[in-house]
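Letters A, B, ... mirror the listed sequences (proteins, then strands); counts begin at 1.
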Amino acid sequence: MNLITKQEALSNLKRYINEDLFELAKQFNITTFIDNKQNKGWKGLLLERLAGLDNNSIKATNGEDFELKSVAFYYVKKKLVPKETMAITMINPIEFINTPFFESPCWHKLKSIIFCAVSWHGMHVPKSHLLKVDEIILPEDSKLIQEVKSDYEFIRNKLISNGFSSLTGKDGKWIQARTKGSGHGSISRAFYARKSFIEEILN
DNA sequence: CCATGATCATTA
DNA sequence: TAATGATCATGG
């Protein structure tokens with residue numbers, strides 16, 4: 001166990017802005033590529049280490065009271081935009097049905113995050129730099145969060161009436177319930193933040 | 001084996 | 001290029 005405060009994690013990470021993440025991964029002995037296959041989580045794992053956290057796979061938050069997230073950015077028409085959606089947390093169907101939004105793991109992970117932007121230079125390209133580190137606080141009563149809550153409740157109602165397998169990434173304005181799992185037939189799902197949501201919280 | 005960290009592949 | 005579904009390496 002290695003508890004660290006949000007502010008400590010922030011300042012730890014900021015020391016690495018503009019550093020080459022691939023070089024740092026080597027120093028921390030984090031696997032990036034093996035036989036042309038990428039460890040898709042390497043950037044996230046590395047950032048946890050840079051923040052001073054232990055790598056783990058517990059469902060709870062990473063540190064004291066915050067969540068560390070990273071998103072790859074790339075240029076579209078000379079503008080830096082998020083390349084991918086952002087995974088928030090896994091969905092446990094039973095828990096989901098019985099949990100209001102503001103008590104859900106989904107909300108707890110969203111409300112206090114440390115956001116890391118990393119650069120992306122193409123498929124299978126190991127080069128990546130840490131672009132910026134931001135602290136993001138989402139107020140409960142903001143319009144955005146109220147709309148996220150609506151998405152959550154909509155998806156929850158769909159689960160209740162149509163079943164877990166009816167959930168699809170098409171639903172939700174800001175967040176979605178997409179498939180995510182170990183592959184090979186797994187049908188587990190997770191909450192994802194849409195790209196528009198990522199851009200929204202960055203302003 | 002599976003949850004977690006996400007990215008990769010495919011289709012439109 | 002955007003959106004959605006499928007997949008990968010790791011640690012417990």
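When each of A:R178 and A:K77 is assigned the nucleotide of DNA chain C bearing its nearest heavy atom, the one mapping closer to the 5' terminus is A:K77. A residue-by-residue look at A:M123 and A:M86 shows that A:M86 has its nearest nucleotide of DNA chain B further toward the 5' end.
Between the P atom of C:dA2 and the NZ atom of A:K195 lies a distance of 5 Å, rounded to the nearest Å. One interatomic measurement links the two molecules: NZ of A:K127 to P of B:dT7, which rounds to 17 Å at whole-angstrom precision. Here B:dT7 presents its P atom at 11 Å from CZ of A:F73, a figure rounded to the nearest Å. Rounded to a whole Å, the CG atom of A:N92 is 12 Å from the C1' atom of B:dA3. Distance, A:K170 NZ to C:dG5 P: 6 Å, rounded to whole Å. Across the protein-nucleic acid pair, A:I30 atom CD1 and B:dG5 atom C1' stand 11 Å apart, rounded to whole Å. Per the geometry, CD belonging to A:E84 stands 14 Å off P belonging to C:dG5, to the nearest Å. Nucleotide B:dT4 holds its P atom 10 Å from the NZ atom of A:K69, rounded to whole Å.
At least one side-chain nitrogen or oxygen of A:T168 sits closer than 4.0 Å to the OP1 or OP2 atom of C:dG5. Contact annotation: A:T31 side-chain N/O to C:dT10 OP1/OP2 distance is under 4.0 Å. Checking the phosphate oxygens (OP1, OP2) of B:dA9, no side-chain nitrogen or oxygen of A:K40 falls inside 4.0 Å. The phosphate of C:dA2 has OP1 or OP2 within less than 4.0 Å of a side-chain N or O from A:Y74. In this model, the phosphate group of B:dA6 is approached by a side-chain N or O of A:S70 to a distance below 4.0 Å at OP1 or OP2.
For A:M90, the listed nucleotide lying nearest its side chain is B:dA3; candidates were B:dA3, C:dT7, C:dT4. Among the nucleotides C:dC8, C:dT4, B:dC8, the one closest to the side chain of A:W120 is B:dC8. In the set C:dT4, B:dT7, B:dA6, the nucleotide with an atom closest to the side chain of A:R194 is C:dT4. With C:dT7, C:dT4, C:dA9 as the candidates, the nucleotide lying closest to the side chain of A:I34 is C:dA9.
Side chain of A:S119 to backbone of A:S128: no donor-acceptor contact under 3.5 angstrom is found. Within the 3.5 Å criterion, the main-chain N or O of A:G41 finds a donor-acceptor partner in the side chain of A:N39.
Within the cation-pi definition used here (under 6.0 Å to the ring centroid, within 45° of the axis), A:R49 does not qualify as a partner of A:F28.
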Start with the C-alpha distance between A:K149 and A:D151, add both sets of side-chain angles, then the distance that settles salt bridge (Lys or Arg N to Asp or Glu O under 4.0 Å), and finish with yes or no.
CA-CA 5 Å; A:K149 181 175 184 292; A:D151 287 342; over 6 Å; no

Verify salt bridge (Lys or Arg N to Asp or Glu O under 4.0 Å) between A:D20 and A:K127, making sure each step is shown before the conclusion.
CA-CA 7 Å; A:D20 185 330; A:K127 191 170 70 172; over 6 Å; no

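Taking the six-membered ring where the residue is Trp, the centroids of A:Y152 and A:F96 are separated by under 6.0 Å.
A:A190 comes within contact range of no nucleotide atom at all, as no heavy-atom separation falls under 4.0 Å.
The CD atom of A:E199 sits 10.0 Å away from atom CG of A:L80, with the distance rounded to the nearest 0.5 Å. To the nearest 0.5 angstrom, A:L130 atom CG is 7.5 Å from A:L50 atom CG.
Side-chain N/O atoms of A:R178 and A:T85 include a donor and acceptor closer than 3.5 Å.
For A:Q38 and B:dC8, a side-chain-to-base donor-acceptor distance below 3.5 Å is absent, hydrogens and geometry of angles not being considered. Residue side chain A:K83 does not reach the base of B:dT7 through any donor-acceptor N/O pair under 3.5 Å, judged by distance alone. Side-chain to base pairing of A:Y192 with B:dA6: one donor and one acceptor N or O lie within less than 3.5 Å of each other. Residue-to-nucleotide contacts include a donor-acceptor pair under 3.5 Å from the side chain of A:K180 to the base of B:dG5.
Axis angle between the ends of the helix from B:dC1-C:dG12 to B:dA12-C:dT1, five pairs each and rounded to 10 degrees, works out to 30°.
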